[in-house]
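Comments concern the structure below.
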Amino acid sequence: MGTTIFDIGAEGRTGLRLPPCDIPERNLTELVPAELIRKEDPKLPQVSQIEVVRHYTRLSRMNYGVDNGIYPLGSCTMKYNPRINEDMARLAGFAYAHPLQGEELSQGALRLMYELGEYLCAIGGMDAITLQPAAGAHGELTGMLIIKKHFERAKELHKRTKILLPDSAHGTNPASAAMCGFEIVPIPSDSRGLVDLQSLKAHLDESVAGIMLTNPNTLGLFETDILEITKLIHDVGGLVYYDGANLNAIVGRARPGDMGVDIVHYNLHKTFSTPHGGGGPGAGPVAVIKKLEPYLPVPRIIKRKNSYALDYDRPHSIGKIHSFYGNFGVLVRAYTYIRMMGDEGLKAVSTNAVLNANYLRARLSRVYKAPYDRLCMHEFVLTTKGMSEEIRTLDVAKRLIDYGVHPSSIYFPLIVPEVMMIEPTETVSKEELDRFADALIKVAQEMKENPQILKEAPHAVPIYGASVRRLDEVRAAKEPILRG
Ligand SMILES: *Cc1c(COP(=O)(O)O)cnc(C)c1O
């Protein structure tokens, strides 16, 4: 533990042999201005090949990822990423395409993006799309800019100042709306865990620019009043933004467009199985209904008779939201995934994601408390509140690491105290679900019999569990020591 590449090796050791130099040697001072020449040796690691290989292999074993086992982070949809997606993204024609090589030489890439857009529109029941945003949050920002532009053109922006936001919303929602200058109006959840209709109605007037709605919401519950909600918002002239991060629960079965939604973002790195974690890259395409199409970012990818082209001539566009066309490699992976799955495959995704979540919920709600104990969608929440005087959900999550499984999301959504938010996804087998449930049930027993073991978890068990003991998380984030 604690060994960096700078701590190993020895003076003069090297991992490769260069061929003899076949050009005349020149003195550095002849080539580089004196003030740019480093005075001191950069102290690079001096290591043999096998030392490098062993060092990075050891580091990779300290990591835990989707390829190791269940990764049930609620709201994150950490599903398996089929290897064929990677193979396609690595095809030379895609991997080495240059964004400035011109339309003529980019027909394959343009076609792929055009067709991906068509598929996503069909899946969402929407009319037009941009693939540019690099993440869900970036899609939200794009959507809010579109709402702003819409009211600017309607000369109503001065009075359309509010965005309504259910209190279960992901933190990026209020941030995106606030960045566009809107005032955030929180709408409480009712005892069902759904948008409280009475409170919503109390806020409806011509100051409402729109609502940002996540469905199913972050409690894993389907907003059963969605048709009424979208109608109420439209009746006062507002627009409905749909946070599609939870599309895995409904893909192939229900469409935001049919729920009366005006704008929706998709998280390709969640629902459409492109690797994510550690900050990206991702993709958060935004689809809109026909009347909002003029505001989409430029360039739009259009289909001509026998070719595809980029259209910059969009006077009402909100402009560019990403360099070039977005994170193209992610788009190739999502396209491959959709083509490989097909209609039936995508339907099976949501079916099995919901089945897996309900299986875990049924097993675990006998031991932990389920604040909303009824059928869930692709995820559900549990709480440890009231189970122990001294043990918190954080301790439960840390103890799970000792059992070799990744903990769920914790302390989100904010409206449930001491919450665990569990999303197994469809790519987890029944055995793996049981392994996770068994571990959580064991930890609940330990909570009563040996709480100290939870408080000190994880207990650095190399290979099997963690490679370090419990960290001071704030200090680890604020004072990271990344090299020796
Ligand atoms: C993940 C998520 C987001 C943000 O998406 P990113 O791609 O991480 O920016 C927004 N809303 C919900 C409900 C999410 O789960």
Side-chain angles (χ1 to χ4, degrees), residues 97-100 103 106 109-110 112-121 124 126-153 157 163 170-182 209-210 212 239-245 247 256 261-272 274 276 279-302 308-335:
H98 193 286
L100 291 177
E103 286 173 18
S106 306
L110 289 173
L112 180 140
M113 289 191 283
Y114 183 87
E115 290 183 358
L116 174 61
E118 298 267 287
Y119 295 149
L120 292 173
C121 280
M126 304 301 285
D127 299 324
I129 196 163
T130 174
L131 304 175
Q132 272 183 42
H138 199 193
E140 294 165 23
L141 179 73
T142 307
M144 289 299 112
L145 289 171
I146 289 172
I147 291 183
K148 206 172 154 185
K149 194 84 178 183
H150 166 77
F151 287 118
E152 213 171 271
R153 274 196 82 203
L157 194 57
I163 293 286
H170 196 263
T172 50
N173 286 192
S176 303
M179 274 184 78
C180 294
F182 290 113
M212 292 181 92
L239 293 171
V240 178
Y241 183 94
Y242 186 105
D243 178 333
L247 197 67
V261 162
D262 302 303
I263 311 175
V264 56
H265 86 246
Y266 308 74
N267 298 61
L268 298 192
H269 43 290
K270 294 180 181 172
T271 318
F272 299 100
T274 80
H276 71 296
V286 170
V288 296
I289 55 166
K290 192 89 195 142
K291 77 168 179 192
L292 300 176
E293 182 176 11
Y295 312 125
L296 287 173
V298 282
R300 307 273 341 271
I301 297 159
I302 53 171
Y308 297 86
L310 297 166
D311 180 10
Y312 285 87
D313 186 16
R314 318 272 312 173
H316 300 300
S317 164
I318 60 166
K320 257 186 153 323
I321 204 86
H322 195 285
S323 53
F324 300 111
Y325 322 108
N327 282 331
F328 181 64
V330 175
L331 306 180
V332 177
R333 289 172 174 87
Y335 177 88

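In what follows, every heavy atom counts, from backbone to side chain, and hydrogens, waters and symmetry copies are set aside.
Not counting sequence neighbours, the partners of Tyr114 by the ring-ring contact (aromatic ring centres under 6.0 Å, His included) test are Tyr308. Scored by the side chain to side chain contact (heavy atoms under 4.5 Å, CB included) test, Asp311 finds Arg300, Ile302, Asp313, Arg314 as partners (sequence neighbours excluded). With sequence neighbours excluded, the residues satisfying ring-ring contact (aromatic ring centres under 6.0 Å, His included) with His269 are His276. Among residues two or more places apart in sequence or in another chain, the salt bridge (Lys or Arg N to Asp or Glu O under 4.0 Å) test is passed with Glu115 by Arg111. For Asp243, the side-chain hydrogen bond (donor to acceptor under 3.5 Å, both in side chains) criterion is met by Asn173, His265, not counting sequence neighbours. Remark: His138 engages no residue in a ring-ring contact (aromatic ring centres under 6.0 Å, His included) (not counting sequence neighbours).
Taking every heavy atom of both residues into account, Asn267 and Gly136 meet most closely at ND2-CA, 3.5 Å. Annotation for Ala137 and Ser176: closest pair O-OG, 3.6 Å, computed over non-hydrogen atoms. Val286 approaches Pro133 most closely through the heavy-atom pair CG2-CG, 4.0 Å. Of all heavy-atom pairs spanning Ala334 and Thr274, the tightest one is N-CG2, 3.7 Å. For the pair Val298 and Ser317, the tightest heavy-atom approach, listed with the atom from each and the gap, is N-OG, 3.4 Å. Heavy atoms only, all atoms of each residue included: Pro256 and Tyr242 are closest at CG-CE2, 3.7 Å.
In this structure, the side chains of Leu296 and Ile318 stay at 4.5 Å or more apart for every pair of heavy atoms. Here the side chains of Leu141 and Cys180 are in contact, with some heavy-atom distance below 4.5 Å. Looking at Lys291 and Leu239, their side chains come closer than 4.5 Å, going by heavy atoms from C-beta outward. Ile146 has its side chain within reach of Ile263: a pair of non-hydrogen atoms, C-beta onward, lies under 4.5 Å apart.
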Checking Asp127 against Val288 for the side chain to side chain contact (heavy atoms under 4.5 Å, CB included) test, could you report, in this order, the C-alpha distance in whole Å, the side-chain angles of both residues, the deciding distance, and whether it holds? CA-CA 6 Å; Asp127 299 324; Val288 296; over 6 Å; no
Step-by-step side chain to side chain contact (heavy atoms under 4.5 Å, CB included) determination, Tyr266 to Thr271: CA-CA 8 Å; Tyr266 308 74; Thr271 318; over 6 Å; no
Check the pair Ile163 / Tyr241 against side chain to side chain contact (heavy atoms under 4.5 Å, CB included), numbers first and verdict last. CA-CA 10 Å; Ile163 293 286; Tyr241 183 94; over 6 Å; no
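For residues 140-149, no pair satisfies salt bridge (Lys or Arg N to Asp or Glu O under 4.0 Å), with sequence neighbours left out. Identified under the ring pair (Phe, Tyr, Trp, His ring centres under 6.0 Å) test for residues 313-335, with sequence neighbours left out: Phe94-Phe328, Tyr119-Tyr335.
Atoms CE and CD1, from Met113 and Ile129 in turn, are 12.5 Å apart once rounded to the nearest 0.5 Å. Atoms CG and CG, on Leu268 and Leu120 in that order, are 6.0 Å from each other to the nearest 0.5 Å. Met212 contributes atom CE, which lies 7.0 Å from atom OG1 of Thr172 (distance to the nearest 0.5 angstrom). Between the CD1 atom of Ile289 and the CG atom of Asp262 there is a distance of 4.0 Å, given to the nearest 0.5 Å. Rounded to the nearest 0.5 angstrom, Tyr295 OH and Thr142 OG1 are separated by 16.0 Å. For the atom pair CG (Asn327) and CD (Gln132), the distance works out to 10.5 Å, reported to the nearest 0.5 Å.
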